[in-house]
Amino acid sequence: MAAAALPASGREIVLALDLSGSMERIDFALDGRTTSRLAAVKRVGADFIRRRAGDRIGLVIFADQADVAAAPSFDTAAVARALEEARIGLVGRSTGIGDGLGLALKRLADAPGPAKVVILLSDGANNAGQTTPRDVAILARELGVRVHTIALGPRDLADADGEQDVVDSEALRDVAATSGGRFFRVRTSDDLAAVADAIDALEGGSARAPPVPLRRDLWPWPGAVALMSAVALLLARRGA
């Protein structure tokens, strides 16, 4: 049975999240306590997803390999839970940015919405996979998909002086510029929250799209009545 319709934005969004081993580094803060990069992303990212009612949103995770953790859906609560349940090691520990972005584009290629967006977050440099970030960014531009990139972590590859687990901000900046998206640099949890708000505003408004009918299953009610009737009949027969 159809219930009240959810106004659809016409926007298709896929989050592509780096789940490499460096996301375990404890150099962020939440509620006054130090925490891992991944924990900070889960908190802010899940809140962002839940705010996007009316968008069809999905989640891709990547490291050595890329995988769809949540297929694009209007069920933002389910996608947020998939993000909260993400774990390091599910798809390896390296950083295959190109493959992660490529899988996100694949999920958007046939999407019906007129506005298609990838939000790509990484704290490293591309060192795994079969494709380069720039090549996939060119494909995104050809497909009409904007890619907003988020470079996460306190240090950049360009000035790391041999330090490990640093982010390739220039590569992510290039992906965003090539595809027509925006680049964001995040060093703290406050930066991350500000970026979520900025993308919310950037991808706000409503494209023309029909409302999404929400369906409410009513079969449990007659099912429960039938079960109670069967139990009552069985008890009556035993009493007789």
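Everything numeric in this text was worked out from a predicted model, so none of it was measured. Count residues from 1 along the sequence.
Across all their heavy atoms, Ala69 and Ile61 have their closest contact at CB-CG2, 4.1 Å. Contact between Arg50 and Ala77 at its shortest, heavy atoms only, is NH2-O, 4.4 Å. Of all heavy-atom pairs spanning Ser94 and Asp64, the tightest one is N-OD1, 3.1 Å. Closest approach of Ser169 and Ala151 over heavy atoms only: OG-CB, 3.6 Å. Here the shortest heavy-atom pairing between Ser122 and Gly124 reads OG-N, 3.2 Å. Scanning both residues, Ala16 and Ala104, for their nearest heavy atoms gives CB-CB, 4.5 Å.
Atom CD1 of Ile88 and atom CZ of Arg93 lie 6.5 Å apart (nearest 0.5 Å). Distance check, rounded to the nearest 0.5 Å: OG1 of Thr132 to CD1 of Ile97 gives 10.5 Å. The CG atom of Leu202 sits 4.5 Å away from atom NE2 of His148, with the distance rounded to the nearest 0.5 Å. To the nearest 0.5 Å, the span separating OG1 on Thr95 from CG on Leu19 amounts to 10.0 Å. Taken from OG in Ser73 to CG in Asp55, the straight-line distance is 11.5 Å, to the nearest 0.5 Å.
Distance alone, capped at 3.5 Å, is enough to place a donor-acceptor pair between the Asp99 side chain and the Thr131 backbone. Judged by distance alone, with hydrogens and angles left aside, the side-chain atoms of Asp123 form no donor-acceptor pair with the main-chain N or O of Leu152 at under 3.5 Å. The closest donor-acceptor contact from the side chain of Arg185 to the backbone of Gly153 lies under 3.5 Å. Looking at Asp168, its side chain never comes within 3.5 Å of a backbone N or O of Leu157 through a donor-acceptor pair. Although no hydrogens or angles enter the test, the distance criterion places a donor-acceptor pair under 3.5 Å between the side chain of Asp18 and the main chain of Ser20. A distance-only check finds a donor-acceptor pair linking the side chain of Thr149 to the backbone of Leu172 [under 3.5 Å].
Residues Leu143 and Val68 are members of one and the same hydrophobic cluster, defined by side-chain heavy-atom contacts under 4.5 angstrom among Ile, Leu, Val, Met, Phe, Trp and Tyr. Under the 4.5 Å side-chain contact rule for hydrophobic residues, Val147 and Val117 do not share a cluster. Residues Leu83 and Val91 fall within the same hydrophobic cluster, defined by Ile, Leu, Val, Met, Phe, Trp and Tyr side chains chained together at heavy-atom separations under 4.5 Å. Residues Leu15 and Leu108 are members of separate hydrophobic clusters, defined by side-chain heavy-atom contacts under 4.5 angstrom among Ile, Leu, Val, Met, Phe, Trp and Tyr. Taking hydrophobic clusters as Ile, Leu, Val, Met, Phe, Trp and Tyr residues chained together by side-chain heavy-atom distances below 4.5 Å, Ile150 does not share a cluster with Leu101.
Contact check on Asp27 versus Arg37 returns a salt bridge, with a Lys/Arg side-chain nitrogen under 4.0 Å from an Asp/Glu carboxylate oxygen. A salt bridge between Arg146 and Glu203 is present, with a side-chain N of the basic residue lying under 4.0 Å from a carboxylate O of the acidic one. Between Asp156 and Arg187 there is a salt bridge, since a side-chain N of the basic residue sits under 4.0 Å from a carboxylate O of the acidic one. In this structure, Glu12 does not pair ionically with Lys116, as no charged nitrogen and carboxylate oxygen lie closer than 4.0 Å. The pair Glu24-Arg87 fails the salt-bridge criterion, with no side-chain N (NZ, NE, NH1 or NH2) lying under 4.0 Å from an Asp/Glu carboxylate O. Checked for salt-bridge contact, Arg155 and Asp165 miss the test: no charged N lies under 4.0 Å from a carboxylate O.
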Pair Thr188-Asp190, side chain to side chain donor-acceptor pair (under 3.5 Å): steps then yes or no: CA-CA 5 Å; Thr188 68; Asp190 289 342; 5.1 Å; no
Full working for side-chain contact (heavy atoms from CB on, under 4.5 Å) between Val136 and Leu105: CA-CA 9 Å; Val136 186; Leu105 292 183; 3.5 Å; yes
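Using a 3.5 Å distance cut-off with no hydrogens or angles, the side chains of Arg25 and Ser36 do not pair a donor with an acceptor. Judged by distance alone, the side chains of Thr178 and Arg134 do bring a donor and an acceptor atom under 3.5 Å apart.
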Side-chain donor/acceptor pairs under 3.5 Å, residues 38-49, sequence neighbours excluded:
unit_1, atom_1, unit_2, atom_2, d
Lys42, NZ, Glu84, O, 3.1
Lys42, NZ, Ala86, O, 2.7
Arg43, NH2, Asp31, OD2, 2.8
Asp47, OD2, Arg51, NH1, 2.5

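Inter-residue side-chain proximity for Phe184 and Leu121 is flagged as unmet; no heavy-atom pair is nearer than 4.5 Å. Counting heavy atoms from C-beta outward, Ile119 and Ile13 have side chains that approach closer than 4.5 Å. Counting heavy atoms from C-beta on, the side chains of Met23 and Leu17 come closer than 4.5 Å.
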